[in-house]
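Both ligands and their constituent atoms are indexed starting at 1 by order of listing.
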Amino acid sequence: MGTSPGRLVLLGHPVSHSLSPVFQNAALRAAKIPLIYEALDVEPGALRSVLRELKESKAAGNVTIPHKTAVHASCDKVTDIAARVGAVNTFWFEAGKLHCDNTDVGGFDTAVKALLGGEPAKARVVLLGSGGAAAAVLAAVERWSNAHVALVARNTEKARRLARRFRDVASVETSLENALREASLVVNATPVGQHDDDQPVDVAMIQPTTAVFDLVYRRGGTRWVKAARKRGCPAADGLPMLLEQGALSFQRWFGIEPNREAMRQSLL
Ligand code: NAP
């Protein structure tokens, strides 16, 4: 790919807390690309008209909550992996057509393998949440060999619908305690802990040999990850995933590898 976009944006609502402009602008500076990555606060009702304007300016960018599914529905062309997830986080225009991808899948895959030291054999994953990020995690884990995912969510019906879409790898578990007993990896794909110190699961319920991956990120780390590490669990928060999904998006837009170290340094 590599489409020389005329403008680079993040579509979200609200977007004020997003770290993406910080590391994407660091990547642009390092690559000497004269663009500024802007965060656009877009109300859901305004999304269609904003996409029309972005098409005119040959823009590219990222999509975050709450637009990932709506932009997916507006795409002219989606990658296979984004279609599998049913949500997109990356877009660009080619010959006036809206192209979309989901780099959360690759971002999660790379970050979790860095935590685990490679692809886990026979992973037993407990996945908390049943939204777009949970679907991206499932799309990554279904490519691992002999993995199983126990989905635990507050909306059991929604979790069942998601598990049906990933029936070869996932099932719904209503007892968190049972699910955790067998787990080799626990993944938080809910926003719990994003704006406060709430924790998605009491770490006392997690075996110290179980790895913990929190999609939530906060500068300085999430409370849940700190508590898990204290218990002895290998643990990482969502920052490495965020950086990697952003790096993969950058590659889609410009056709070159970004300077990942410059991106990482910008968040210190
Ligand atoms: P989403 O589509 O809104 O889904 C959120 C899920 O969490 C839903 O299943 C929701 O349940 C559940 N949930 C919300 N509040 C909860 C609570 N208090 N207790 C239990 N469950 C709760 O959001 P998403 O796009 O999947 O994103 C989820 C989180 O992942 C966000 O914090 C997002 O920032 C993070 N994320 C991080 C990265 C990264 O690169 N690190 C990438 C993507 C997403 P209901 O359906 O019942 O509302």
I'd like to know if the side chain of His148 pairs up with that of Ser171 as donor and acceptor (distance under 3.5 Å, no hydrogens or angles considered). yes

Whether Phe108 and Phe213 hold their rings parallel, tilted or perpendicular, with breakpoints at 30° and 60°: perpendicular

N-O pairing of Glu119 and Arg143 below 4.0 Å: no

Looking at atom 37 (C) of ligand 1, what's its closest protein heavy atom, distance included? Leu215 O, 3.2 Å

With backbone taken as N, CA, C and O and side chain as the heavy atoms from C-beta onward, which portion of Tyr217 lies under 4.0 Å from ligand 1: side chain, backbone, both, or neither? side chain

Does Asp197 pair with Arg218 as a salt bridge, N-O distance under 4.0 Å? yes

Looking at non-hydrogen atoms alone, which of Ala135, Gly12, Ala189 comes nearest to atom 6 (C) of ligand 1? Ala189

Between Ala134 and ligand 1, is there a nitrogen or oxygen pair with a distance under 3.5 Å? no

Considering only NZ, NE, NH1 and NH2 on the basic side and carboxylate oxygens on the acidic side, decide whether Glu38 and Arg7 come within less than 4.0 Å. yes

Using a heavy-atom cut-off of under 4.0 Å, does the side chain or the backbone of Val192 touch ligand 1, or both, or neither? side chain

In terms of heavy-atom contacts, does CZ of Arg167 have more than 12 from other residues, nucleotides or ligands at under 6.0 Å? no

Could you tell me, atom by atom, which parts of ligand 1 come under 4.0 Å of a heavy atom of Asn155? 47 (O)

Looking only at non-hydrogen atoms, which of Ala159, Ala133, Gly107, Gly131 approaches atom 4 (O) of ligand 1 most closely? Gly131

Pairs touching residues 37-57 that satisfy ring pair (Phe, Tyr, Trp, His ring centres under 6.0 Å), sequence neighbours left out: none

At a non-hydrogen distance cut-off of under 4.0 Å, which region of Asp104 contacts ligand 1 (side chain, backbone, both, or neither)? side chain

Give the atom numbers and elements of ligand 1 that come within less than 4.0 Å of a heavy atom of Gly132. 2 (O), 26 (O)

May I ask you to check if ligand 1 and Gly238 share an N or O to N or O distance below 3.5 Å? yes

shortest atom 46 (O) of ligand 1-to-protein heavy-atom contact is with Lys158 NZ, 2.5 Å

Can you list the ligand 1 atoms lying under 4.0 Å from a non-hydrogen atom of Gly129? 9 (O)

Per-residue contact class, Ile65 against ligand 1 - non-hydrogen pairs under 4.0 Å: side chain

Under 4.0 Å from atom 15 (N) of ligand 1, is there at least one protein heavy atom? yes

Enumerate the atoms of ligand 1 whose separation from the nearest heavy atom of Gln194 is less than 4.0 angstrom. 31 (C), 32 (O), 34 (O)

Is there a donor-acceptor contact under 3.5 Å linking the side chains of Asn89 and Thr103? yes

Can you sort out which atoms of ligand 1 are near Lys68, meaning under 4.0 Å from one of its heavy atoms? 43 (C)

Evaluating non-hydrogen atoms only, which member of Met241, Gln245, Arg154 is closest to atom 48 (O) of ligand 1? Arg154

Does the pair Asp80/Arg84 count as a salt bridge with the N-to-O cut at 4.0 Å? no

Pick one of side chain, backbone, both or neither for how Ala136 approaches ligand 1, counting any non-hydrogen atom pair under 4.0 Å. neither

Could you tell me if any non-hydrogen atom of Ser130 lies under 4.0 Å from any atom of ligand 1? yes

Review item, side-chain donor-acceptor pairs of residues 150-159, under 3.5 Å, at least two apart:
residue	atom	partner	partner atom	Å
Asn155	OD1	Glu157	N	3.3
Asn155	OD1	Lys158	N	3.0

When you compare the side chains of Trp92 and Glu94, does any donor N or O come within less than 3.5 Å of an acceptor on the partner? yes

Using the six-membered ring wherever Trp is involved, compare the ring planes of Phe254 and Phe250 and label them parallel, tilted or perpendicular (cut-offs 30° and 60°). tilted

